[in-house]
K.L.:
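Dropping the structure in here first, questions after.
In what follows, chains carry the letters A, B, and so on, assigned in the order in which the sequence lines appear, proteins first and then strands, with residues in each chain numbered from 1. Atom set for the values below is all heavy atoms of this structure, side chains included, hydrogens, waters and symmetry mates excluded.
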Number of protein chains: 2
Amino acid sequence: MSDVFNALAHPVRREILKLLRDGAVNAGDIAAHFDLAKPTLSGHFTVLKTAGLVTTERRGTTILYRLNMSVMEEAVAALLSLTENGEGEKKWKFVRRSS
Amino acid sequence: MSDVFNALAHPVRREILKLLRDGAVNAGDIAAHFDLAKPTLSGHFTVLKTAGLVTTERRGTTILYRLNMSVMEEAVAALLSLTENGEGEKKWKFVRRSS
DNA sequence: TTGTTATTTAGCAAATAACCGAAATACGTG
DNA sequence: CACGTATTTCGGTTATTTGCTAAATAACAA
């Protein structure tokens, strides 16, 4: 979980995750959103991938980055576990909508 | 929010937060839970305090550390905002129990 | 004031992180 | 094969982080 929070700790990486909310995006299109050199973005991709927050799929010459929802869910659960002591009533309820 | 996730990225700091789940604890008692020098722990306290995740209160010779729940809640909200795009159905439901 | 306990600050070494430009790799096309 | 496009890896610089010991500060008691 350290890798996950570490990945979330950089504003550029959080912005990358937001770009992936509505579907997979290729590395070049992501890089175009930032005033940073491509190798720098590639490094950020590696951090996100190491944390498991994104997955990749080669699509011809480009590489698609996709959000890994299950790891995002685990991060929320880990965050909640820091405040819930397990004994007695839970203070929070966090559920995926069934539809 | 970078400061918050950065603070959460270190396992010792997450463990410190867990020690504070059931109420305020003084610096010495927290330090006793780790095999680290006290100045090292003091540095971790500073990171948590800078992030706003804990507050301090001097109580005689000791200093009490207390969890700042509102910042924890903001962290959860920030995490959710990375996956919710605002248009259409929300995928998640996250509510505080009323009781 | 002197001493004792609790905690932080200062100073230092080693490791890691963030950025860049240049070079390398992977793929598809002619 | 050779070329163009997309992306990553390499090598380097600078800044930050984590840990330590030793010294400084804060509060209290005698």
K.L.:
Could you check if a side-chain atom of A:L64 sits within less than 4.5 angstrom of a side-chain atom of A:T55, using non-hydrogen atoms only?
P.N.:
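Heavy-atom side-chain distance check fails, nothing below 4.5 Å.
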K.L.:
What heavy-atom pair brings B:A7 and B:L48 nearest, and what distance separates the two atoms?
P.N.:
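Heavy atoms of B:A7 and B:L48 come nearest at CB-CD2, 4.1 Å.
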K.L.:
Residues from residues 56-66 of chain A sitting under 4.0 Å of DNA chain D, heavy atoms only?
P.N.:
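By residue number: A:T61, A:T62, A:I63, A:Y65.
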K.L.:
Which pairs, with at least one residue in residues 16-37 of chain B and sequence neighbours excluded, count as a ring-ring contact (aromatic ring centres under 6.0 Å, His included)?
P.N.:
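Found none.
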K.L.:
Among residues 5-17 of chain B, which contact DNA chain D at a heavy-atom distance under 4.0 Å?
P.N.:
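Contacts with DNA chain D under 4.0 Å: B:H10, B:R13.
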K.L.:
Does A:T50 reach the main-chain N or O of A:T46 with its side chain, forming a donor-acceptor pair under 3.5 Å?
P.N.:
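Looks like yes, one N/O pair under 3.5 Å.
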K.L.:
Give the minimum heavy-atom separation between B:A24 and B:R66, together with the two atoms involved.
P.N.:
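Where B:A24 meets B:R66 most closely, the heavy atoms are CB-NH1, 3.7 Å.
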K.L.:
Just how far, in rounded Å, is P of C:dC20 from CG of A:L41?
P.N.:
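After rounding, the reported distance stands at 9 Å.
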K.L.:
Go through the structure and list residues passing side chain to side chain contact (heavy atoms under 4.5 Å, CB included) with A:K49, not counting sequence neighbours.
P.N.:
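A:K49 satisfies side chain to side chain contact (heavy atoms under 4.5 Å, CB included) with A:V54, A:T56, A:Y65 only.
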K.L.:
May I ask you to list the residues of residues 25-33 of chain A, by number, that have any heavy atom positioned under 4.0 Å from an atom of DNA chain D?
P.N.:
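Hits under 4.0 Å, by residue number: A:N26, A:A27, A:G28.
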K.L.:
Rounded to the nearest angstrom, tell me the gap between atom CG in A:L36 and atom C1' in D:dT7.
P.N.:
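Rounded to whole Å, this separation is 16 Å.
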K.L.:
So that I can tick it off, tell me whether A:E84 and B:R21 are bridged by a salt bridge, with the cut-off set at under 4.0 angstrom between side-chain N and carboxylate O.
P.N.:
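No, no charged N to carboxylate O under 4.0 Å.
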K.L.:
Within the structure, does a side-chain N or O atom of B:H44 lie under 4.0 Å from either OP1 or OP2 of D:dG19?
P.N.:
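So the side-chain polar atoms of B:H44 do come within 4.0 Å of the phosphate oxygens OP1 or OP2 of D:dG19, strictly under.
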K.L.:
Check for a donor-acceptor pair, side chain of A:S81 on one end and backbone N or O of A:A78 on the other, with a separation under 3.5 Å.
P.N.:
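A pair under 3.5 Å: yes.
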K.L.:
Locate the shortest heavy-atom distance separating B:A75 from B:M1; write the atom from each residue and the value.
P.N.:
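For B:A75 and B:M1, the tightest heavy-atom pair comes out as CA-SD, 4.0 Å.
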K.L.:
Taking CZ from A:F34 and C1' from C:dC20, how many angstroms apart are they, rounded to a whole number?
P.N.:
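Distance, rounded to whole Å: 17 Å.
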K.L.:
Main chain of B:G52, side chain of B:N68: is a donor-acceptor contact present, judged purely on distance under 3.5 Å?
P.N.:
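Answer holds: yes.
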K.L.:
What pairs of nitrogen or oxygen atoms, one from the protein and one from nucleotides 13-16 of chain C, lie under 3.5 Å apart?
P.N.:
none

K.L.:
Side chains of B:D3 and B:V47, heavy atoms from C-beta outward: is any pair under 4.5 Å?
P.N.:
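Side-chain contact under 4.5 Å: no.
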K.L.:
Can you identify which nucleotide, out of D:dT21, D:dG19, D:dT8, has its nearest atom closest to the B:T40 side chain?
P.N.:
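Selected nucleotide: D:dG19.
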K.L.:
Of the nucleotides C:dC20, D:dT8, D:dT21, which one has an atom closest to the side chain of A:A37?
P.N.:
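Per side-chain heavy atoms of A:A37, the pick is C:dC20.
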K.L.:
Look only at the side chain of A:T62 and the backbone of A:R58, and say whether a donor-acceptor pair between them is shorter than 3.5 Å.
P.N.:
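Judged by distance alone, no pair lies under 3.5 Å.
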K.L.:
May I have the distance from A:K38 (atom NZ) to C:dA24 (atom P), rounded to whole angstrom?
P.N.:
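About 19 Å, once rounded to whole Å.
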K.L.:
Could you tell me how the ring of B:H10 sits relative to the ring of B:H44: parallel (under 30°), tilted (30 to 60°) or perpendicular (over 60°)?
P.N.:
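Tilted, since the angle between the ring planes falls between 30° and 60°.
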